[in-house]
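Below is one structure; the comments refer to it alone.
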Amino acid sequence: IRRPPRSTHCISSAASDVYKRQIWYLSEFFSEHPGVTSINWMEWGIQIPTDRFILIIILFSVILIFIDRIWLAFLNLPKATLRRFEANNNKKVEQKLVKAFLLASHGELETAAKEAALVSRNTKDKNLGKLLNTHINVFNKINKNSNENEELSKNYFKQLTDEPSTAFVGHLALMRQAIFDKKDLNEIINEGLKALKFEPKSKQILEVLLFSYAKLKDISNSLVYLNKLKKLNYVEDNIYKNISADLNYLKALDYLEDEKSYLATNHLKEAFKQKPSHIGASVKLSGLLKGIGSKTKSIDQLEKTFLLTANPDILEELSKKWNLKTSGSRVSKAINLLNKKSSQEIKNDLKIEVACYAISEEIWGEAEKLLKDIPEEKLTTKAYQALADIAGSQNNPEVVKNYLEKAASAKEGCNYFCYSCGNKNYSWELHCPKCDLLSTIDWMKIENNQNFDVLKISSDNGPNRLSNKIL
């Protein structure tokens, strides 16, 4: 059975008892062995019993030790006081720093600057104090609407880059200032790359570099930083697939211009893998597939894209791949596509596109049958225009007029829309011309209150927050 540990007081008492016993044993020893100790010094001498002499030495030693302890306590008193003062001062500095950070994050920049001034006076790190004072001076001058604001802040940010501990902040600030001032993209990239050396996993910098390289149409570097964002789990899967498909498609076009069809095919396959509904990638890839079974693969791929998008260009490309001689056989083949698996949301759009294709082949009866099969509330502008064309082929002007009136107030069908701002585009682009976001234009229908996932640059909530548009 283990005994509980003895307290410090008990140990101290035990040591004291042992010490007393030792003195007692010595006293007894010398009392039982009588003797006299002579002390002679400079013709002056004294004789005392040895046991008393030993006791005197022991008592003198105890007194010396006691005086020594008092002296040490006296000497350490200022140090202990100083330590307590430093601890309290450090606590105050930490509190002021936290308070300044919280105030700045809520837009109270002037009050935050005052707190930073208190920190600069109390901190032992003179470099930090100097830095905080510089920051306060720059802030106060900018606050006074100085005409040299831009140059002043730029010099301050450059000063931050000289210190290894603040170099990342300096380059980050210079990059953000270049964005705010709409400077050259190469300047933004240059500062971003310098900052990235200090913080290789910075989400904001990786996003800025992706957007900047994409604006410069540097697709290779855009793909590099997109993949880094994906590797670090900074981008959602569906957003990654959209951007990756668009960038791989554009890289394939670059290779096709250089007559490197093999490399182009690989990038188009990657684009189609990431996003089977990518219209441009699907059309281009169908023309590049070669070898045994390439025609069947092309048709299967185009059919998959059409059933996902209801895009007329895909259907037109399919009709070429079918290589059928008569209009009736081509329309029949197109109608058979409707029997294949597709989402319920796009069924009516598929029927409208097949009906429009039948009209282009002048198979009016099949077109009318398909359109009449769609509930009236689901008919789009394009559907009513198709019905007007059918009525025109039947020489029925009143019905044509009626359908065209309905077309004017009907819902918009599928088209190229930006799913960030809802802007309608007449062709696909990498950036939306209105909101400037990356990979947000797609072939689709825009419904009211639709929400989509969009990659936006990370930013703070302050008054000078980084624009999602980057430029």
What I'd like to find out is whether the side chain of Leu206 reaches to under 4.5 Å of the side chain of Leu232, using heavy atoms alone.
yes
Using modelled atom types only, decide if a donor and an acceptor are shared between the side chain of Asn248 and the backbone of Ser244 within a distance under 3.5 Å.
yes
Please report the C-alpha distance between Ile390 and Leu371 in whole Å, then the side-chain angles of each, then the deciding distance to 0.1 Å, and finally whether the side chain to side chain contact (heavy atoms under 4.5 Å, CB included) criterion is met.
CA-CA 10 Å; Ile390 294 169; Leu371 293 171; 3.9 Å; yes
Would Glu376 and Lys406 count as a salt bridge (charged side-chain N to carboxylate O under 4.0 Å, His left out) here? Give the steps.
CA-CA 10 Å; Glu376 188 172 353; Lys406 289 183 177 181; 3.3 Å; yes
For Ser439 and Asp246, does a side-chain donor sit closer than 3.5 Å to a side-chain acceptor?
yes
With side chains defined as the heavy atoms from C-beta onward, is the minimum distance between Ser319 and Glu316 less than 4.5 Å?
yes
Is there a side-chain contact between Leu209 and Ile189 (heavy atoms, below 4.5 Å)?
yes
Quick one: does Lys217's side chain get under 4.5 Å of Leu430's, heavy atoms only?
no
Asp436 side chain near Lys215 side chain, heavy-atom distance below 4.5 Å
yes
Heavy-atom neighbours of Lys230 NZ exceed 12 at 6.0 Å:
yes
Between Leu315 and Val354 the two heavy atoms that sit nearest each other are CD2-CA, 4.2 Å
In plain terms, say whether Glu191 and Arg176 are close enough for a salt bridge, that is, a side-chain N and a carboxylate O under 4.0 Å apart.
no
Should the pair Lys241-Asp237 be classified as a salt bridge under the 4.0 Å nitrogen-to-oxygen rule?
yes
Which heavy atom in Lys203 sits nearest to a heavy atom in Leu229, and how many Å separate them?
O-CD2, 4.1 Å
Might you work through the ring-ring contact (aromatic ring centres under 6.0 Å, His included) test for Tyr416 and Tyr426, ending with a clear yes or no?
CA-CA 6 Å; Tyr416 285 107; Tyr426 292 97; 9.6 Å; no
Please examine the side chains of Lys197 and Leu193, heavy atoms only from C-beta on, and report whether any two atoms are closer than 4.5 Å.
no
Within the 4.5 Å heavy-atom criterion, are Tyr225 and Ser212 side-chain neighbours or not?
no
Which residue is it: Ile314, Thr296, Leu289, Leu318? I am looking for the one with a side-chain contact (heavy atoms from CB on, under 4.5 Å) to Gln301.
Leu289
Are side-chain N/O atoms of Ser329 and Ser332 paired as donor and acceptor at under 3.5 Å?
no
Ignoring hydrogens and angles, tell me if any N or O in the side chain of Ser286 forms a donor-acceptor pair with the backbone of Val283 under 3.5 Å.
yes
Under 3.5 Å, is there a donor-acceptor pair linking the side chains of Ser220 and Lys251?
yes
Val224 and Tyr213: CA distance, side-chain angles, deciding distance, side chain to side chain contact (heavy atoms under 4.5 Å, CB included) verdict
CA-CA 10 Å; Val224 167; Tyr213 279 122; over 6 Å; no
Straight-line distance of Leu185 CG to Ile179 CD1, nearest 0.5 Å
9.5 Å
Side chain to side chain contact (heavy atoms under 4.5 Å, CB included) between Thr305 and Phe272, worked out
CA-CA 9 Å; Thr305 304; Phe272 186 77; 3.3 Å; yes
Closest contact, heavy atoms only, Ile374 versus Leu370:
CG1-O, 3.6 Å
Take atom NZ in Lys284; do more than 12 heavy atoms of anything else shown fall under 6.0 Å from it?
no
When every non-hydrogen atom of His171 is compared with those of Phe198, the smallest separation belongs to CD2-CE1, 3.9 Å
Just by modelled atom types, is the Lys411 backbone N or O under 3.5 Å from a matching donor or acceptor in the Thr381 side chain?
yes
Between the side chains of Glu353 and Tyr357, does any donor sit under 3.5 Å from an acceptor?
no
For residues 285-308, pull every pair meeting ring pair (Phe, Tyr, Trp, His ring centres under 6.0 Å), keeping only residues two or more places apart or in separate chains.
none
Side chains of Thr440 and Ser420: any donor to acceptor distance under 3.5 Å?
no
From Lys347, Lys341, Lys340, residue fulfilling side-chain contact (heavy atoms from CB on, under 4.5 Å) relative to Leu307
Lys340
Looking at side-chain heavy atoms only, is the closest gap between Asn425 and Phe417 below 4.5 Å?
no
Ser202 side chain to Glu199 main-chain N or O, any donor-acceptor pair under 3.5 Å?
no
Shortest non-hydrogen pair, Leu379 vs Ala410, comes out as O-CB, 4.1 Å
Side chains of Glu412 and Thr380: any donor to acceptor distance under 3.5 Å?
no
For Asp389 and Tyr384, does a side-chain donor sit closer than 3.5 Å to a side-chain acceptor?
no
Identify, with sequence neighbours excluded, every residue that meets ring pair (Phe, Tyr, Trp, His ring centres under 6.0 Å) alongside Trp428.
Tyr249, His278
Step by step, would you call Lys158 with Asp162 a side chain to side chain contact (heavy atoms under 4.5 Å, CB included)?
CA-CA 7 Å; Lys158 284 182 177 178; Asp162 295 335; 6.0 Å; no
Does atom CD of Glu377 have more than 12 heavy-atom neighbours from other groups under 6.0 Å away?
yes
With a cut-off of under 6.0 Å to the ring centre and 45° to the axis, is Lys260 in cation-pi contact with Tyr255?
no
State plainly whether the residues Lys275 and Asp442 are in salt-bridge range, i.e. N to O under 4.0 Å.
yes
For His431 and Ile441, the nearest pair of non-hydrogen atoms, with its separation, is O-CD1, 3.8 Å
